[in-house]
Structure formats: C-alpha cells, structure tokens
Amino acid sequence: MNFELSEEQNAFAQTARAFAAAEFAPHAARWDAESFFPKDAIAKAGELGFCGLYAPERVGGLALPRLDATLVFEEMAAVDPSTTAFITIHNMATWMLGTWGTEAVCKTWGEDLTSGRKLASYCLTEPGAGSDAGSLKTRAELQGGDYVINGGKAFISGAGATDVLVLMARTGGGGAGGISAFAVPADAPGVSYGKKEHKMGWNSQPTRTISFDNVRVPADHLLGAEGEGFRIAMKGLDGGRINIATCSVGAAQGALNAARGYLHDRQQFGKPLASFQALQFKLADMATELVAARQMVRMAASKLDAAHPDASTYCAMAKRFATDAGFNVCNEALQLHGGYGYLAEFPLERLVRDTRVHQILEGTNEIMRVIVARKLLEGDADIR
C-alpha cells in the first residue's frame with residue numbers, strides 16, 4: 001500500500017487550501033453569525049471545478065476518483081465545515097443527476113451545476129422517514145407525459161436557495177423497491193418551503209422543509225428507471241458518508257492547528273502551555289485519532305473507487321469513526337483553549353457546533369453500526 005499522495009493529488013489539495021484561505025477564512029465567522037448562505041463563494045469554488053469534482057464529464061464534471069475529492073473537501077472544511085458540507089451535498093446531487101439523468105435533464109442543468117452557477121439539493125428525508133428511508137411517503141404518479149408529485153421533505157440543505165431538487169418519491173408499492181428518483185425544478189409550481197430552521201451549527205447553509213402539492217414534472221425528469229430510486233439514493237449516500245466524514249477530518253485538522261499554536265502562545269505559571277506534559281499527551285492523542293480517521297476515510301474512498309463489493313460497509317465504518325473522532329478532536333481543542341475556546345472570536349466553538357451534526361446526517365452513527373454489524377454477521381463476511 002502506498003500512503004503517499006501523487007503530485008497531482010497534492011496540487012488539488014494545495015489549490016483547495018489556498019482557495020479556503022482566501023475565500024472562506026475571512027468570512028466564515030460572519031456567515032455563521034448572520035446565517036448567510038455564501039452563494040458567490042460557492043460559485044467561485046465552482047470555477048475551480050469544486051462543484052463537480054466527481055460528476056461525469058458529460059455534464060462538465062472532473063470525474064475525479066472519490067479519494068481525490070476527499071483531499072479538496074478536507075482542506076476547505078479545515079476553515080469552514082458548514083459551507084464545505086453544503087458543497088459536498090451539491091457534489092453528490094450533481095453526480096446523481098449527471099449519472100442517471102436523461103439527455104434533456106443533463107442539458108438543462110448539468111454544466112450549470114458543475115460550474116456552481118446553479119445549486120442542487122438532495123431530498124430524501126421526510127418528517128416520518130429518517131433512518132428508515134425506505135418508508136418514505138412522498139408520491140409521484142405518472143399522468144400522461146408528466147409525473148405529479150405530492151408529499152413533503154424535511155431537513156433539506158440549501159432548500160429555498162437552490163435551483164434543482166434531486167428527489168426520492170414513491171412510484172410503486174411499499175418498501176425500497178417502490179421508490180424512484182427525479183430531478184425537480186426548485187421553483188416549479190406547487191413547490192413551497194417552510195421556515196428557515198434555527199440550528200446549533202451549519203448556519204452558513206439554510207435548512208427547510210419542502211412541500212410538494214400537485215407538482216408536475218415531465219416524465220424525462222425521472223433519474224434512471226422506475227423503482228431504482230432507493231438504489232440510486234444509497235449509492236449517493238456511500239459517497240455522501242465519505243464526504244461528511246472528510247468534513248469532520250478537515251475540521252479536526254483546523255482545530256488541531258489552532259490548538260498547537262495556542263499551546264505555544266499562551267503562558268501559565270510562567271511557562272508556555274506547550275511545556276506541560278499533560279497537555280502534550282492530550283495533543284498527541286488528538287493527532288493520533290485524526291490520522292487514524294483520515295486513513296480510514298481514504299481507505300473507504302479507495303474501496304468505493306475500486307467498486308469493492310463491501311465498499312458500503314467501509315464507507316459506514318469510516319463515517320462512524322471519523323465523525324466521532326473529528327467532533328472529539330474539535331471539542332478537545334476547545335478545552336485546550338480554556339475560556340477563549342468558548343468565545344466566538346476564536347474558531348473552536350464554531351468547529352464544535354458544525355461537526356456535531358455530522359454524527360447524525362447521511363445516516364446516524366447508530367445506523368452505521370447496524371450496517372457494519374449486519375455485514376459482519378453474514379456467513380462469508382471478510383472485513384479487515
């Protein structure tokens with residue numbers, strides 16, 4: 001195994017680091033405080049290809065391996081996990097549209113999405129269907145040349161500020177096999193949005209409910225075939241879990257960097273904090289957990305790139321471990337800052353708030369454990 005990055009991969013990471021320092025760092029605290037959605041900054045990320053990192057080339061994407069995409073997301077998340085997390089969701093939705101969309105759908109939205117000129121939301125969760133996504137009730141019925149959609153979605157990132165909704169709706173009977181995927185114009189007649197949710201973190205991206213009241217979309221807005229929606233959603237979530245895990249790794253790296261600097265600068269009892277062995281040990285444990293999380297995420301991404309038969313299990317393990325470890329590193333970095341870590345003038349409290357939700361979304365960490373345990377209990381399981 002070669003753990004070293006190639007020259008090209010390092011170039012991607014360095015470009016993302018420079019971009020985040022220039023476009024995110026001066027504004028991230030204000031975006032959080034004002035709950036401001038920085039569409040202009042996201043569009044600038046799109047100019048570098050960051051809004052279509054692994055989307056197919058036919059829609060203007062870079063078609064990069066998932067491993068390479070993690071390098072970009074990690075660098076941006078070290079500065080602003082909230083905005084970066086939305087960019088990862090947009091990448092996931094754009095990849096789904098570009099992979100399963102008809103020629104008409106791809107022509108309408110593809111290059112606008114990969115360039116960041118337009119943005120996409122991913123609409124799976126419902127008020128009564130979270131972890132049990134296969135029980136969703138939003139329905140799409142074919143009437144003539146259109147699908148008519150009725151129902152509602154909850155906890156949708158970017159809702160009310162994006163241009164296209166990648167929507168999972170029921171076209172058949174109960175269970176996962178009755179679900180299909182659609183590309184829905186975000187401003188279609190009958191689409192309405194709830195209030196902007198007030199959240200603990202992720203304040204630089206809006207979250208709303210969405211209601212669909214007799215929303216009509218042409219039949220060619222179906223992604224893939226009828227009944228393939230759940231499979232498409234789960235394939236999207238494999239990458240989404242790597243993405244959100246990467247955002248936790250990036251945030252943790254940003255927190256660790258801040259803590260290292262603070263331990264050198266801050267003095268107590270006539271000595272820099274860096275000279276106290278107890279704090280040295282804490283920093284060493286933080287770094288160890290972070291490196292372990294990063295390598296697990298990159299391994300899962302490599303499994304996904306290689307179409308490994310157990311890739312979904314590795315993605316679940318990486319998501320569970322990295323989001324737990326990432327939050328813990330951010331929280332420990334805040335503790336090392338003492339009272340200053342609790343102040344908004346320092347980035348630690350924002351990193352802690354933003355990473356907390358990573359343990360919930362893209363499948364809760366409890367559901368990640370269910371996925372891993374089911375695979376381990378299969379007779380021929382070989383996870384190592």
Side-chain angles (χ1 to χ4, degrees), residues 3 5 9 12-13 16 20 50 53-54 64-93 95 122 124 131 157 201-202 205 233-256 286-306 308 310-331 351-372 375 383:
F3 291 94
L5 300 180
Q9 288 172 325
F12 277 125
F50 295 167
L53 284 169
Y54 52 90
L64 291 179
R66 300 306 177 90
L67 175 59
D68 291 24
T70 68
L71 308 177
V72 172
F73 296 146
E74 180 182 332
E75 294 294 342
M76 294 195 294
V79 176
D80 187 352
S82 172
T83 303
T84 304
F86 175 79
I87 292 174
T88 74
I89 294 167
H90 169 83
N91 267 268
M92 177 177 67
W95 170 76
Y122 176 65
L124 175 64
S131 296
S157 292
W202 271 29
Q205 52 169 295
M234 293 304 104
K235 282 185 173 293
L237 284 178
D238 279 343
R241 286 164 182 161
I242 291 172
N243 291 346
I244 212 63
T246 301
C247 288
S248 288
V249 169
Q253 185 66 63
L256 182 67
M286 292 161 62
T288 302
E289 292 291 306
L290 174 55
V291 170
R294 176 181 291 117
Q295 297 307 325
M296 180 169 274
V297 170
R298 291 183 180 178
M299 180 179 70
S302 297
K303 297 284 188 185
L304 196 58
D305 287 331
H308 189 282
D310 293 324
S312 294
T313 307
Y314 285 97
C315 291
M317 288 193 293
K319 193 270 181 183
R320 200 291 299 166
F321 185 81
T323 57
D324 283 348
F327 174 77
N328 289 338
V329 169
C330 291
N331 197 37
L351 295 177
V352 168
R353 289 187 289 104
D354 282 347
T355 53
R356 180 59 184 87
V357 74
H358 297 179
Q359 296 167 297
I360 299 171
L361 52 83
E362 308 289 22
T364 66
N365 284 2
E366 289 74 20
I367 292 298
M368 298 305 98
R369 291 177 172 93
V370 170
I371 292 170
V372 175
K375 173 54 67 173
I383 304 297

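Residue numbers count from 1 along this sequence. Computed over heavy atoms, backbone and side chain alike; hydrogens, waters and symmetry mates excluded. Keep in mind the model is a prediction, meaning the values are calculated, not measured.
Here the closest non-hydrogen pair linking Trp202 and Ala85 is CZ2-CB, 3.2 Å. Counting all heavy atoms, side chain and backbone alike, Thr84 lies closest to Phe73 at CG2-O, 3.5 Å. Across every non-hydrogen atom of Leu67 and Ser302, the tightest pair is CD2-OG, 3.8 Å. Minimum heavy-atom separation, Ser248 to Ala322: CB-O, 3.5 Å. Contact record, Leu361 with Ile244: CD1-CG1, 3.3 Å, taken as the closest heavy-atom pair. Closest of all the heavy-atom pairs between Val249 and Leu290 is O-CD1, 3.5 Å.
With hydrogens and angles disregarded, no donor-acceptor distance shorter than 3.5 Å links the side chain of Asp354 to the backbone of Gly201. With hydrogens and angles ignored, the 3.5 Å screen pairs no side-chain donor or acceptor of Arg241 with any backbone N or O of Ala318. Checking side-chain atoms of Lys319 against main-chain N and O of His358 turns up a donor-acceptor pair under 3.5 Å.
To the nearest 0.5 Å, atoms CG (Asp310) and CE (Met317) are separated by 8.5 Å. Of the inter-residue distances, the one linking Asn331 atom CG with Leu351 atom CG reads 11.5 Å to the nearest 0.5 angstrom. Note: Arg356 CZ to Thr323 OG1 = 9.0 Å, rounded to the nearest 0.5 Å. Separating the OG atom in Ser312 from the CG atom in Leu304 is a distance of 7.5 Å, to the nearest 0.5 Å. Between the CZ atom of Phe86 and the CG atom of Asn91 there is a distance of 10.0 Å, given to the nearest 0.5 Å. Between the NE2 atom in His308 and the CE atom in Met299 there is a gap of 9.5 Å [rounded to 0.5 Å].
The shortest side-chain heavy-atom distance between Phe12 and Leu64 falls under the 4.5 Å cut-off. Counting heavy atoms from C-beta on, the side chains of Arg66 and Asp238 never come closer than 4.5 Å. Counting heavy atoms from C-beta on, the side chains of Tyr54 and Asp305 never come closer than 4.5 Å. Tyr314 places none of its side-chain heavy atoms less than 4.5 Å from the side chain of Met296. Within the 4.5 Å cutoff, the side chain of Glu362 has heavy atoms near those of the Ile89 side chain. Contact check for Ile87 versus Val72: no side-chain heavy atoms found under the 4.5 Å cut-off. Between Arg320 and Val372, every side-chain heavy-atom pair lies at or beyond the 4.5 Å cut-off. When side chains are defined from C-beta on, Asn328 does not count as touching Glu289, because their heavy atoms never get closer than 4.5 Å.
A side chain to side chain donor-acceptor pair (under 3.5 Å) with Gln253 is found for exactly one of Glu74, Arg294, Glu75, namely Arg294.
A donor and an acceptor atom, one from each side chain of Gln9 and Asp68, are located under 3.5 Å apart.
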Residue pair Asn365, Asp324: steps toward the side-chain hydrogen bond (donor to acceptor under 3.5 Å, both in side chains) verdict = CA-CA 8 Å; Asn365 284 2; Asp324 283 348; 2.8 Å; yes
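No more than 12 heavy-atom neighbours from other residues, nucleotides or ligands sit within 6.0 angstrom of NZ on Lys235.
Applying the salt bridge (charged side-chain N to carboxylate O under 4.0 Å, His left out) test to pairs two or more places apart or on separate chains, none has a residue in residues 78-92.
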